[in-house]
*Asks:* 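Pasting a structure below so you can have a look.
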Amino acid sequence: MRGVPDRGLRWLRPRPRAYGDGVPELPEVESVRRQLEPELVGRTVVAVWTDRMRRFLDVDLLAGQRFLTVGRRGKFLVCDLEGPQAPGGGRRPGATSGGHVALQVVMHLGMTGSFRFDRTDAWTRARLGLDDGRELVYRDPRRFGRIAVVPAHDHSAIPTLAALGPEPLTGDFDVEVFAGQLRRTEATVKAALLNQRLVAGVGNIYADEALWRARIHPASRRVGAARARALHAAIRDVLSESIEREGTTFRDYQMVNGESGRNADFLDAYGQADRPCRRCGTAMRRTVVAQRGTTYCPRCQRA
DNA sequence: CACGCCTCCTGTGCGC
DNA sequence: TGCGCACAGGAGGCGT
């Protein structure tokens, strides 16, 4: 819908202040997923080490498991696993008698989580030795991430995943259903976007970006049908454009190969406080909505 | 049930 | 220069 932003002009602008770190949202997690998938599918975990981070659940059960898939739901990485068949019906942890239950590993990068291979440092929180001799290393300075091994498709241990809304880039994200939910909810539209139940994978950065594009004030309540349709389209646009650029990096987010996403220079709202709105030139304003730093254009985005 | 507020966690950057 | 402190935020939990 928009032309390619003028990179030349961007050079004249100061870099957006990184008051967040480029927290992993759907585009960042999808970029990580695309890099992990070819490395992990078919590999078996032969050794597990963790630092006993409190947000880890049953990570030790990964030992002996083989990655069948590397998938994503919203901001969660969800991998199907296959355990060793238990000849003779030997009982394994988490197994029903006589067989094995299929497991999944659910991983969330929190604010500062990232994966890499064969490189540890002071912020290493988990290491998975693989049967090809390499080691998948999970790094997470602020320890907001999660790794949980759960029975396949039993996500009750991860409430947000269990109640997660539709994937925004698939046909499951129905514009009329979304509009109906936005009309009924009493919460601010930004809070509704962040809680993951109307739509999966939108966090603070892309909530501000989508609301700016749809010209909706972040603190609006009971958004009408026309604006809801514009927001539905804006969400899909900002997420898919960021995926094309492999996500937004300010500092902490990086891909498995250590590279940065290229979307940071294309943000219109997040981190743009006090700078001119790219549509109307009015100074962008920073406030707090849903307990989160929020930047919007006071002229384009009326309450 | 739905909404909103508080907590977790730690590196960073600002002010004095 | 050095110190201390406020700040950032996704999800979980709890109170209203």
Side-chain angles (χ1 to χ4, degrees), chain A residues 14-30 32 50-57 72-78 106-114 121-126 138-148 150 155-165 168 178 180-211 218-223 235 239 242 247-254 264 267 269-274 286-295:
Chain A
R15 236 184 115 61
R17 181 174 174 269
Y19 56 81
D21 296 319
V23 169
E25 304 183 27
L26 188 151
E28 292 73 34
V29 178
E30 176 61 19
V32 169
T50 80
D51 78 341
R52 302 275 151 198
M53 206 171 91
R54 81 165 62 185
R55 287 175 168 90
F56 287 162
L57 174 67
R72 179 190 57 73
R73 274 286 281 136
K75 305 173 201 173
F76 294 90
L77 290 166
V78 182
V106 177
M107 302 182 282
H108 194 295
L109 299 176
M111 291 180 65
T112 57
S114 62
D121 64 16
W123 298 278
T124 296
R125 307 304 184 197
Y138 178 66
R139 176 183 187 271
D140 189 356
R142 296 190 197 179
R143 302 177 188 264
F144 265 41
R146 295 185 131 77
I147 301 178
V150 299
H155 296 153
S156 54
I158 305 116
T160 300
L161 179 58
L164 195 62
F178 180 66
Q181 289 168 322
L182 273 185
R183 181 159 28 81
R184 282 191 300 276
T185 184
E186 301 282 347
T188 62
V189 60
K190 176 149 179 183
L193 290 182
L194 292 180
N195 81 11
Q196 307 299 302
R197 291 193 292 132
L198 302 199
V199 59
V202 176
N204 206 37
I205 295 174
Y206 300 106
D208 278 9
E209 293 300 306
L211 289 166
S220 301
R221 294 173 195 268
R222 298 176 153 298
V223 170
I235 289 167
L239 295 177
S242 184
T248 301
T249 297
F250 288 133
R251 186 172 45 235
D252 287 307
Y253 161 67
Q254 61 173 43
L267 297 178
Y270 184 88
Q272 308 300 307
D274 301 324
R286 178 170 155 82
T287 181
V288 174
V289 178
Q291 290 81 242
R292 294 291 171 254
T294 299
T295 307

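Values in this document were obtained by computation on a predicted structure and should not be read as measured data. Residue numbers start from 1 in every chain, and the chains themselves are labelled A, B, ... in the order their sequence lines are given, proteins ahead of strands.
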*Asks:* Asp140(A) CG to dC9(B) P: how many Å, rounded?
*Replies:*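 In whole Å, dC9(B) P lies 12 Å from Asp140(A) CG.
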
*Asks:* May I ask whether Phe144(A) stacks on the base of dG9(C), given the cut-offs of 5.5 Å between ring centres and 30° between planes?
*Replies:*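 Yes; by the centre-distance and plane-angle rule, Phe144(A) counts as stacking on dG9(C).
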
*Asks:* Within the side chain of Arg73(A), is there an N or O that forms a donor-acceptor pair under 3.5 Å with the backbone of Gly165(A)?
*Replies:*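 At least one qualifying donor-acceptor pair exists.
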
*Asks:* Is there a side-chain contact between His108(A) and Ile158(A) (heavy atoms, below 4.5 Å)?
*Replies:* no

*Asks:* How close or far is atom P of dA11(C) from atom NE2 of His155(A), stated in whole angstroms?
*Replies:* 15 Å

*Asks:* Do the side chain of Arg143(A) and the base of dC8(B) come within less than 3.5 angstrom through a donor-acceptor pair of N or O atoms?
*Replies:* no

*Asks:* Regarding dA11(C), can its base be found pairing with the side chain of Arg146(A) as donor and acceptor, where the two atoms are less than 3.5 Å apart?
*Replies:* no

*Asks:* Taking only side-chain N and O atoms of His108(A), does any of them lie within less than 4.0 angstrom of OP1 or OP2 on dA11(C)?
*Replies:*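 Indeed, a polar side-chain atom of His108(A) lies that close.
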
*Asks:* Round to a whole Å and report the spacing from CD of Glu25(A) to P of dA11(C).
*Replies:* 9 Å

*Asks:* Can you tell me if the side-chain N/O atoms of Arg54(A) get under 4.0 Å from OP1 or OP2 in dC9(B)?
*Replies:*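 Yes, within the criterion.
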
*Asks:* Calculate, to the nearest 0.5 Å, the distance between atoms OG1 and CG belonging to Thr185(A) and Asn195(A) respectively.
*Replies:* 7.5 Å

*Asks:* For dG9(C), does either OP1 or OP2 sit under 4.0 Å from a side-chain N or O belonging to Tyr270(A)?
*Replies:*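 Indeed, a polar side-chain atom of Tyr270(A) lies that close.
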
*Asks:* Which whole-number value in Å describes the distance from Phe76(A) CZ to dA11(C) C1'?
*Replies:* 7 Å

*Asks:* For each nucleotide in nucleotides 1-6 of chain B, reading 5' to 3', give B when a protein heavy atom comes within less than 4.0 Å of its base, S when such contact involves only the sugar-phosphate, and - otherwise.
*Replies:* -SSSB-

*Asks:* Can you check the Arg142(A) CZ to dG10(C) C1' distance for me, whole Å?
*Replies:* 12 Å

*Asks:* Give a yes or no on this: more than 12 heavy atoms of other residues, nucleotides or ligands lie within 6.0 Å of atom CG of Asp274(A).
*Replies:* no

*Asks:* Rounded to whole angstroms, how far apart are CE on Met111(A) and C1' on dG12(C)?
*Replies:* 16 Å

*Asks:* To the nearest Å, give me how far apart CE (Met53(A)) and P (dG12(C)) are.
*Replies:*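 Value for this atom pair: 13 Å.
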
*Asks:* Counting N and O atoms only, with roles assigned by atom type, does the side chain of Arg72(A) sit under 3.5 Å from a partner on the main chain of Gly74(A), one being a donor and the other an acceptor?
*Replies:* yes

*Asks:* Can you find a pair of side-chain heavy atoms, one from Leu211(A) and one from Leu193(A), that are under 4.5 Å apart?
*Replies:*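 Yes. Closest side-chain heavy atoms under 4.5 Å.
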
*Asks:* OP1 or OP2 of dA11(C) sitting under 4.0 Å from any side-chain N/O of Gln196(A)?
*Replies:* yes

*Asks:* Calculate the interatomic distance between Ile158(A) atom CD1 and dA11(C) atom C1'; express it in whole Å.
*Replies:*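 Computing the Ile158(A):CD1 to dA11(C):C1' distance gives 12 Å.
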
*Asks:* Assess the side chains of Thr248(A) and Tyr206(A): does a donor N or O sit below 3.5 Å from an acceptor N or O?
*Replies:*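 A donor-acceptor contact under 3.5 Å links the two side chains.
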
